Protein chains: 2
Amino acid sequence: MAASMDTTPTWTIAQIADEFGVTHRTVRHYEDLGLISPERRGTTRVFHRRDRTRLNLILRGKRLGFPLEEIRTIIDLYDAPLGKRSQLEYVLAQIDDRRADLEQRRRDLEDALEELDTFERRCRAELTSGGRSAY
Amino acid sequence: MAASMDTTPTWTIAQIADEFGVTHRTVRHYEDLGLISPERRGTTRVFHRRDRTRLNLILRGKRLGFPLEEIRTIIDLYDAPLGKRSQLEYVLAQIDDRRADLEQRRRDLEDALEELDTFERRCRAELTSGGRSAY
DNA sequence: GTATTGCCTTACGTTTACGTAAACGGAAAC
DNA sequence: GTTTCCGTTTACGTAAACGTAAGGCAATAC
């Protein structure tokens, strides 16, 4: 028999945690909530590409401020077979909700960034004005 | 004497809570954390424009996913006298941090919205294809 | 052999952001 | 006068997202 035909890479929990900048506990927590379900070899977790993809989605979802439970439904939605049309209308509605949410966030963000700009300019003006501020 | 010269409007906690879509408890909580400090007439809170401005900032900060404590430092930063140049460099550094954060979030958001788009298109294609999906 | 290393589970602790109940005060309504 | 709304404080409760031991198993390191 040929030596090791399977070429798909795998990772340990330590590598995953390290690479994604989280703790083991966090990774296990995500598994507890059903956000990821890494393979098991015996009792040990073995991570595949799929798990990394999901972890990326999870972390992005977090940065966007979504609770983990919602993140689960979202990435499950992405993973769905897409063959069962019975639920497509529902899914589309979900998507609309999600988009509305995201677009509100985007408006917030644009506003915040803009204000940072003007504020920074005010600060810099102060700095270069030589210090004569109208007390 | 003329009747009531002072024309600046004020609000009660109920009006504020109602208008901003939060509870009394939430408003008081924000006061506990020093995010707002409404006037007191006797024991009762009286809200002014300034408080509403801050509440808007707070809620936006929340939608952006910032913890309340951070939000406090941010809006305090906006409110700062801007006369004490001693701290301006520090403030500018803070602003840079904040901007980096916000810009990461923006990238996340753009990605998410884009993926929603393509996903929705896939769904709609499924729907209008008449249902002949390759089982 | 045993000591270290890496992984595992179980389970209680912690922080954040409020919810919620209890108990009280003052003004208006009847 | 007393009931009914506002408003108040105090204080315990809770959900989410992990942190942090505590204890155990299995493989490599010496």
Side-chain angles (χ1 to χ4, degrees), chain A residues 4 9-48 51-52 54-76 98 101 104-105 108, chain B residues 9-48 51-52 54-76 98 101 105 108:
Chain A
S4 110
T10 64
W11 294 266
T12 78
I13 194 173
Q15 295 170 321
I16 290 290
D18 191 58
E19 232 183 289
F20 284 84
V22 297
T23 67
H24 302 188
R25 179 65 175 87
T26 298
V27 175
R28 295 198 190 100
H29 185 54
Y30 292 164
E31 186 182 359
D32 285 347
L33 298 188
L35 287 157
I36 48 179
S37 29
E39 189 197 337
R40 294 290 186 129
R41 287 229 237 272
T43 166
T44 301
R45 275 167 264 254
V46 178
F47 294 81
H48 296 261
D51 301 308
R52 299 167 59 93
R54 294 184 73 109
L55 258 172
N56 269 316
L57 288 173
I58 295 167
L59 296 183
R60 195 173 72 195
K62 281 204 55 183
R63 284 194 300 269
L64 290 174
F66 291 105
L68 293 180
E69 276 296 335
E70 255 189 275
I71 293 176
R72 187 168 60 82
T73 73
I74 296 175
I75 62 183
D76 282 352
R98 208 116 300 301
D101 214 279
Q104 173 62 51
R105 282 166 201 269
D108 288 338
Chain B
T10 63
W11 293 266
T12 77
I13 194 173
Q15 295 170 322
I16 289 290
D18 190 57
E19 232 183 289
F20 284 84
V22 298
T23 68
H24 301 101
R25 180 64 176 87
T26 299
V27 176
R28 296 199 188 100
H29 185 54
Y30 293 164
E31 186 181 1
D32 284 348
L33 298 187
L35 287 157
I36 48 180
S37 29
E39 189 198 336
R40 294 290 186 128
R41 286 228 238 273
T43 167
T44 301
R45 274 166 264 253
V46 178
F47 294 81
H48 297 261
D51 300 308
R52 298 167 59 92
R54 293 184 73 110
L55 258 172
N56 269 315
L57 288 172
I58 294 167
L59 296 183
R60 195 174 71 197
K62 280 203 56 184
R63 285 195 298 270
L64 290 174
F66 291 105
L68 293 179
E69 276 298 333
E70 254 188 276
I71 293 176
R72 187 168 60 82
T73 72
I74 295 175
I75 63 184
D76 282 354
R98 209 116 301 300
D101 215 278
R105 282 166 201 268
D108 288 337

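Every chain is numbered from 1 and lettered A, B, ... according to where its sequence line falls, protein lines coming before strand lines. It should be emphasised that the depicted structure is a prediction, and the values quoted were computed from it without experimental measurement.
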Please determine if a side-chain N or O atom of [X] lies less than 4.0 Å away from the OP1 or OP2 oxygen of [N].
| X | N | value |
| --- | --- | --- |
| Thr26(B) | dG19(C) | yes |
| Thr23(B) | dG19(C) | yes |
| Thr12(B) | dG7(D) | yes |
| His24(B) | dG7(D) | yes |
| Arg40(B) | dT9(D) | yes |
| Tyr30(B) | dA17(C) | no |

Whole angstrom value for the distance that separates [atom2] of [N] from [atom1] of [X]:
| X | N | atom1 | atom2 | value |
| --- | --- | --- | --- | --- |
| Phe47(B) | dG7(D) | CZ | P | 9 Å |
| Glu31(B) | dC18(C) | CD | P | 15 Å |
| Glu39(B) | dG7(D) | CD | P | 15 Å |
| Leu33(B) | dT15(C) | CG | P | 15 Å |
| Asp32(B) | dT8(D) | CG | C1' | 12 Å |
| Glu70(A) | dA15(D) | CD | P | 17 Å |
| Ile71(B) | dC18(C) | CD1 | C1' | 13 Å |
| His29(A) | dT14(C) | NE2 | P | 18 Å |

If you only use heavy atoms from C-beta on, which nucleotide in dA17(C), dA17(D), dC7(C) is closest to the side chain of Leu68(B)?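 The nucleotide sitting nearest to the side chain is dA17(C).
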Under 4.0 Å, heavy atoms only, any strand: does Ile13(B) hit a base, just the sugar-phosphate, or nothing?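 Sugar-phosphate contact only - Ile13(B) comes under 4.0 Å of backbone atoms but never of a base.
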Which is true for Arg45(A) with a 4.0 Å heavy-atom rule: it touches a base, it touches only sugar-phosphate, or it touches nothing? sugar-phosphate
Under a 4.0 Å threshold between the charged nitrogen and the carboxylate oxygen, would Glu69(A) count as salt-bridged to Arg72(A)?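 Yes, charged N to carboxylate O under 4.0 Å.
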Would you kindly compare Gln15(B) and Lys62(A) by the position of their nearest DNA chain D nucleotide and give the one closer to the 5′ end? Gln15(B)
Mark yes or no for a side-chain to base donor-acceptor pair under 3.5 Å between Arg28(B) and dT9(D), with no hydrogen or angle criteria applied. no
Reading DNA chain C from 5' onward, which residue's closest nucleotide shows up sooner: Glu69(B) or Arg25(B)? Glu69(B)
Contact check, side chains of Ile71(B) and Leu33(B), non-hydrogen atoms, under 4.5 Å: no
Of the non-hydrogen atoms in Leu68(A) and Leu35(A), which two are nearest, and what is the gap between them? O-CD2, 3.6 Å
Specify the closest pair of heavy atoms between Leu59(A) and Val22(A), including all atoms of both residues, with the distance to one decimal.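 What the structure gives for the nearest pair is CD2-CG1, 4.3 Å.
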Do Arg54(A) and Phe47(A) meet the cation-pi criteria used here (NZ or CZ under 6.0 Å from the six-membered ring centre, within 45° of the axis)?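 Because its charged atom misses either the 6.0 Å distance or the 45° angle limit, Arg54(A) does not stack over Phe47(A).
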